[in-house]
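Contents: one structure, followed by commentary.
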There are 2 protein chains.
Amino acid sequence: MTTVEEPARSGGRQRDAARTRAEILDVATKEFARAGYAGARVDEIAARTRTTKRMIYYYFGGKEQLFTAVLERAYSVIRQAEQELDVEHLDPVAAIRRLAELTFDHHEAHPDFIRLVSVENMHEAEHIAASEELARIGSPALEVIRRILAAGRESGLFTADVDAVDLHAMISSFCFFRVSNRHTFGALFGRDLVAADQRERYRTMLGDMVIAYLTADRTAD
Amino acid sequence: MTTVEEPARSGGRQRDAARTRAEILDVATKEFARAGYAGARVDEIAARTRTTKRMIYYYFGGKEQLFTAVLERAYSVIRQAEQELDVEHLDPVAAIRRLAELTFDHHEAHPDFIRLVSVENMHEAEHIAASEELARIGSPALEVIRRILAAGRESGLFTADVDAVDLHAMISSFCFFRVSNRHTFGALFGRDLVAADQRERYRTMLGDMVIAYLTADRTAD
DNA sequence: GGGCTAATGTACGAACTGGTTCGTTAGTGA
DNA sequence: TCACTAACGAACCAGTTCGTACATTAGCCC
């Protein structure tokens, strides 16, 4: 998340549309992630900004559009990360494992993003559906997975015939759940899925699971 | 979810504490699942009941306690289902697969429960943490998993040394994500994870994944 | 330097929302 | 049958909450 950094304010410059806009987005991201859409307060967002509520309506039009803008920026961050994926020089098994680990790391590092996605799911993805920006950019990661899977199948290493979307769902579900359901899972089963001392175990477990699935001897079942 | 069934109203009986309470819970479950905690409206819940808002406060005390009561009842349903698990007569591989499938089916059949859990996670499980009832009952499924894992390891079928909680997390994450993130996933990747014609594929995929992980040849990695 | 527009701040209001006050009635036990 | 209590309903209230009308100013362009 590109947090607004202090620009050269020494001169006491007061008008800066770009940074006002960005600051609103920063604060709104935290507020929506904290309280959900209905729970988020426009006044609260304004108060934590060094500008006023009037500006939120001036730049974004309303609470709803602000939330859409927050989502768009949040997704752009993960898309960015995906675009920087560089695993295709590895052999298929190592590439998939690395990909899974990067997904794992990214989800853990961005709990606010996870919460925003949960919120958006509560709203049946209506903001995503209405956003041209989000419709346009697919997921770069999918293309990467597609190529790794093809290579793995060609070399005979991968026996399963999943497609890239399925594998992405499999990897994401584990990474996402671990963060999104951390609290209820912890409260009910007494284990913090995001505890630091469990991290390596779960990270390895995810890789093991995906690789085991892809390379399993299907004829044995 | 034990929906309130029409009792013998022919006589025009008007007072029935138990059924008024139950009806409020039914409606509240839907409303909280639909709109989240902050988005849910006490007035709306009252309106959809054949009683009034006054009764909600009379029986539950407030919105917060009502939500806790909704959660408690929702969890009791899944605990009930878990208690009826009967898979230990199967061999370990079949037992795990069956368990995974039952979890899969249960999550799919109870989307409102999934949404409530998502909502509760947004609130960092504070209601669960404060509920004695929920603290008391653990998860019967965990005990079942524990025994199957022990049997599987003893017979040499299972090579992975996961514990029951981890395996439960693995299975749940896939089943939960498929329902909870259905909308964003569908909007972004153009695939409905809960579409009827995909159902068997994902159901099988889950079982394959878990079994592959448990029986993988660890020395080969 | 003067005007023009983008940017900004203040104050307010209409609608909503959780919760309560006050009064009423059905059913039951003596 | 009568009194007493659990169950119930209508109206109301105080505090919020999103959104806006109106006034103002900084900075750019000529």
Side-chain angles (χ1 to χ4, degrees), chain A residues 4 7-32 34-71 119 123 126-127, chain B residues 4 7-32 34-71 119 122-123 126-127 130:
Chain A
V4 171
R9 286 195 91 247
S10 49
R13 190 194 288 158
Q14 279 164 14
R15 302 209 155 184
D16 190 336
R19 71 141 287 147
T20 299
R21 231 189 98 100
E23 188 180 1
I24 292 172
L25 272 181
D26 280 347
V27 176
T29 296
K30 284 184 208 133
E31 174 71 357
F32 281 123
R34 181 188 68 80
Y37 180 77
R41 299 288 164 243
V42 177
D43 280 307
E44 181 65 22
I45 295 171
R48 298 198 189 200
T49 304
R50 82 187 71 174
T51 182
T52 64
K53 185 165 56 158
R54 176 71 183 77
M55 289 298 96
I56 293 175
Y57 287 88
Y58 182 69
Y59 283 116
F60 298 97
K63 191 182 182 183
E64 194 104 20
Q65 293 100 305
L66 176 60
F67 182 66
T68 299
V70 163
L71 269 185
V119 171
H123 291 267
E126 58 174 333
H127 306 93
Chain B
V4 170
R9 287 196 92 249
S10 49
R13 190 194 289 157
Q14 279 165 17
R15 303 212 155 183
D16 189 336
R19 70 141 286 149
T20 299
R21 231 188 98 100
E23 188 179 2
I24 292 172
L25 271 181
D26 280 347
V27 176
T29 297
K30 283 183 209 134
E31 175 71 357
F32 281 123
R34 182 188 67 80
Y37 180 78
R41 298 288 164 243
V42 177
D43 280 308
E44 182 65 22
I45 294 171
R48 298 198 187 199
T49 304
R50 81 186 71 172
T51 183
T52 64
K53 185 164 60 156
R54 175 73 182 75
M55 289 297 98
I56 293 175
Y57 288 88
Y58 182 69
Y59 284 115
F60 297 95
K63 190 182 183 183
E64 194 105 21
Q65 295 100 305
L66 176 59
F67 182 66
T68 300
V70 163
L71 269 185
V119 171
M122 286 295 297
H123 291 265
E126 60 174 332
H127 305 94

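To find a chain, count down the sequence lines: A is the first, B the second, and so on, and within it residues start at 1. Side chains are part of it too, since the values below use all heavy atoms of this structure and drop only hydrogens, waters and symmetry mates. Since the model is a prediction, treat every value here as computed from it, not as a measurement.
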task: Calculate the interatomic distance between A/E23 atom CD and C/dA7 atom P; express it in whole Å.
output: 16 Å
task: State, with a plain yes or no, whether a side-chain heavy atom of B/M55 is found less than 4.5 Å away from one of B/I24.
output: yes
- prompt: Which word best sums up how the rings of B/Y37 and B/H127 line up, parallel for under 30°, tilted for 30 to 60°, or perpendicular for over 60°?
  reply: tilted
- prompt: Do the rings of B/F67 and B/F32 sit parallel, tilted or perpendicular, given the 30° and 60° boundaries?
  reply: perpendicular
query: Should A/L71 and A/V119 be marked as a side chain to side chain contact (heavy atoms under 4.5 Å, CB included) after you check the CA-CA gap, both sets of side-chain angles, and the distance that decides it?
result: CA-CA 10 Å; A/L71 269 185; A/V119 171; over 6 Å; no
- request: Take atom OH of A/Y59 and atom C1' of C/dA6, then tell me their distance rounded to the nearest Å.
  value: 8 Å
task: Pick base, sugar-phosphate or nothing for B/F60, based on heavy-atom distances below 4.0 Å to the nucleic acid.
output: nothing
message: Base, sugar-phosphate or nothing for A/Y58? Non-hydrogen atoms, less than 4.0 Å.
response: base
query: Could you state the CZ-P distance from A/R19 to C/dA7, rounded to the nearest angstrom?
result: 15 Å
message: Filter on salt bridge (Lys or Arg N to Asp or Glu O under 4.0 Å), then keep only pairs touching residues 39-49 of chain B, sequence neighbours left out; what's left?
response: B/D43-B/K53, B/E44-B/R48
Donor-acceptor pair, side chain of B/E23 and main chain of B/R50, under 3.5 angstrom: yes
query: How does protein contact run along nucleotides 9-22 of chain C, one letter per nucleotide 5' to 3', with B for base contact, S for sugar-phosphate only, - for none, heavy atoms under 4.0 Å?
result: BB------SBBBBB
Below 4.0 Å: OP1/OP2 of C/dT8 and any side-chain N or O of A/T20: yes
